[in-house]
> 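I have a structure I would like to understand better, so I am pasting it below and will then ask my questions one at a time.
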Amino acid sequence: MFSGLGGALLIVGALLAAPSLTDGQLAAYGLSYVITAVLGDAGGRLMLCTVAVAVFACTLAVQTAGARMMYSMSRERAFPLHRAIGRVSPRTGTPISASAVVGVGAAIALVVNFGQPALFTALSSIGIAMIYIAYLGVTAPLLIARIRLRRSGGLPAGVDEQGAPLFTLGRWGLPVNAVAVAFQIAMIVNLAWPRPEIYDLEGDSPLLQWSAIITIGVSLAIGGAYLWWRGRTHARRDRARADPGHGEGVGSRCRGRARGCR
């Protein structure tokens with residue numbers, strides 16, 4: 001919500017500061033045109049260099065967060081190829097495989113949209129929409145849990161490591177949670193809606209126009225299929241561990257021997 005408000009203020013400020021809204025410069029060059037027009041050539045270039053450094057720092061932060069999430073999911077065996085990606089280098093103490101996967105994936109995305117501004121815009125919108133889907137995957141189950149536990153007193157109170165009570169919204173928790181879910185659903189629909197002005201700037205690629213729907217659908221299908229497969233695998237392991245004949249016979253035989261059991 002705060003990021004959306006900040007983005008709206010940035011757009012409004014750029015529109016107010018732009019020397020002209022009809023000469024085509026703002027549509028062609030965006031915020032860089034506004035910055036150089038207001039601050040002059042030297043001041044504008046200096047500001048753009050500062051922005052480039054900030055974007056680079058943000059990119060490193062995003063890549064680090066992505067590598068950490070991928071490593072965490074692999075450590076819990078909830079990610080494909082988790083044995084390789086969930087490893088930590090004994091020399092550096094960092095998940096090198098997860099960092100490499102995130103970095104290579106970002107590089108491939110940059111290579112694919114090189115010289116194609118329409119594809120770059122589409123990828124940006126798809127990425128933001130999928131971020132909102134990830135947020136919705138947290139807030140929606142939480143809202144369902146709040147509704148189910150509403151009559152029994154709500155969610156149980158928790159404590160931190162020192163035993164102090166955790167922060168809680170109290171009676172405002174349910175309405176705030178509901179507003180968050182509604183906002184995220186609205187943003188997903190808004191970002192993924194197949195507008196040609198966003199996804200098909202040249203008007204000659206229906207596949208690109210529907211790329212958000214296709215990408216999100218394929219991602220959810222692959223994730224759901226993998227979750228189903230992992231669920232079946234874990235269920236078989238749990239049944240094998242719960243089977244009285246599995247492991248106990250070996251243990252009883254080992255207890256009857258002094259040596260030779262492994």
> Quick one: hydrophobic cluster around I214, which other residues, with the 4.5 Å side-chain cut-off, linked directly or via members?
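I214 shares its hydrophobic cluster with L207, W210, I213, V218, I222.
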> How far does CH2 of W193 sit from OG of S125, to the nearest 0.5 angstrom?
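Atom-to-atom, W193:CH2 and S125:OG are 15.0 Å apart.
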> Looking at G103 and Q63, what are the two nearest heavy atoms and their distance?
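Distance-wise, the nearest heavy atoms are CA-NE2, 3.5 Å.
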> Who else is in I144's hydrophobic cluster (ILVMFWY, side-chain heavy atoms under 4.5 Å, direct or via others)?
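Listed partners: none, I144 stands alone.
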> Rounded to the nearest 0.5 Å, what's the gap from CZ on R75 to CE on M70? Could you check?
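Here the interatomic distance stands at 14.5 Å.
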> Parallel, tilted or perpendicular: which describes the rings of Y226 and W229, with under 30° parallel and over 60° perpendicular?
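Tilted.
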> Between the side chain of T215 and the main-chain N/O of A212, is any donor-acceptor distance below 3.5 Å?
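The answer is no, because no donor-acceptor pair under 3.5 Å joins these two groups.
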> Let me confirm one number: the CG-CG distance from L227 to L220, rounded to the nearest 0.5 Å.
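Reported value, rounded in 0.5 Å steps: 11.5 Å.
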> Using side-chain contact (heavy atoms from CB on, under 4.5 Å) as the criterion, list what pairs up with V12, not counting sequence neighbours.
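Residues passing side-chain contact (heavy atoms from CB on, under 4.5 Å) with V12: L16.
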> Identify the two heavy atoms, one from P141 and one from V138, that lie closest to each other, and give their separation to 0.1 Å.
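Looking at all heavy atoms of both residues, the closest pair is CD-O, 3.5 Å.
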> Using links of under 4.5 Å between side-chain heavy atoms of ILVMFWY residues, direct or through other members, which residues join Y71 in one cluster?
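Direct or chained contacts put Y71 with V88.
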> Taking only residues two or more places apart in sequence, or in another chain, which ones meet M69 in a side-chain contact (heavy atoms from CB on, under 4.5 Å)?
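Scan of M69 (side-chain contact (heavy atoms from CB on, under 4.5 Å), adjacent residues dropped) gives M73.
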> Using a 6.0 Å cut-off, check whether atom CG of L81 has over 12 heavy atoms from anything other than its own residue.
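Result for CG/L81: open.
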> Quick one: do V62 and I85 end up in the same hydrophobic cluster if we chain Ile, Leu, Val, Met, Phe, Trp and Tyr together by side-chain heavy atoms under 4.5 Å apart?
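No; I85 is not reachable from V62 via cluster members.
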> Got a sec, which residues hit side-chain contact (heavy atoms from CB on, under 4.5 Å) with A17, two or more places apart in sequence or on another chain?
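Testing A17 for side-chain contact (heavy atoms from CB on, under 4.5 Å), a comparison that skips the adjacent residues, returns V34, V38.
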> Rounded to the nearest 0.5 Å, what's the gap from CD1 on I96 to OG on S89? Could you check?
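I96 CD1 to S89 OG: 4.0 Å, rounded to 0.5 Å.
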> If you group Ile, Leu, Val, Met, Phe, Trp and Tyr whenever their side-chain heavy atoms sit less than 4.5 Å apart, what else falls in with L10?
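Members besides L10, by chain and number: L31.
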> Show me the donor-acceptor pairs within less than 3.5 Å that the side chains of residues 174-189 make with the rest of the protein, sequence neighbours left out.
from: N177; atom 1: OD1; to: L143; atom 2: N; distance (Å): 3.3
from: N177; atom 1: OD1; to: R146; atom 2: NE; distance (Å): 3.1
from: N177; atom 1: ND2; to: T139; atom 2: O; distance (Å): 3.2
from: Q184; atom 1: OE1; to: T139; atom 2: OG1; distance (Å): 2.6

> What side chain to side chain donor-acceptor pair (under 3.5 Å) pairs are there with at least one residue in residues 43-62, not counting sequence neighbours?
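Listed by first then second residue: D41-R45.
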> How close do Y199 and P194 get, counting heavy atoms only, and between which atoms?
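So the two residues come closest at CD1-CA, 4.3 Å.
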> I need the full list of salt bridge (charged side-chain N to carboxylate O under 4.0 Å, His left out) pairs touching residues 24-39, with sequence neighbours left out, sorted by first then second residue.
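For residues 24-39, and leaving out neighbouring residues, there are no salt bridge (charged side-chain N to carboxylate O under 4.0 Å, His left out) pairs at all.
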> The criterion is side chain to side chain donor-acceptor pair (under 3.5 Å); which residues satisfy it with T64, sequence neighbours excluded?
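Side chain to side chain donor-acceptor pair (under 3.5 Å) list for T64, sorted by chain: empty.
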> Going by side chain to side chain donor-acceptor pair (under 3.5 Å), name the residues that satisfy it together with S97, two or more places apart in sequence or in a different chain.
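If we apply the side chain to side chain donor-acceptor pair (under 3.5 Å) test to S97, skipping adjacent residues, there are no hits.
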> Are L46 and Y33 joined in one hydrophobic group, where the rule is that I, L, V, M, F, W and Y side chains link up if heavy atoms are under 4.5 Å apart?
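L46 and Y33: separate clusters.
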> Contact between S219 and M130 at the side-chain level, heavy atoms closer than 4.5 Å - yes or no?
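The answer is yes, as the side chains (C-beta and beyond) meet within the 4.5 Å cut-off.
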> Which heavy atom of S211 sits nearest to which heavy atom of I126, and what is that distance?
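Heavy-atom minimum between the residues: OG-CD1, 3.7 Å.
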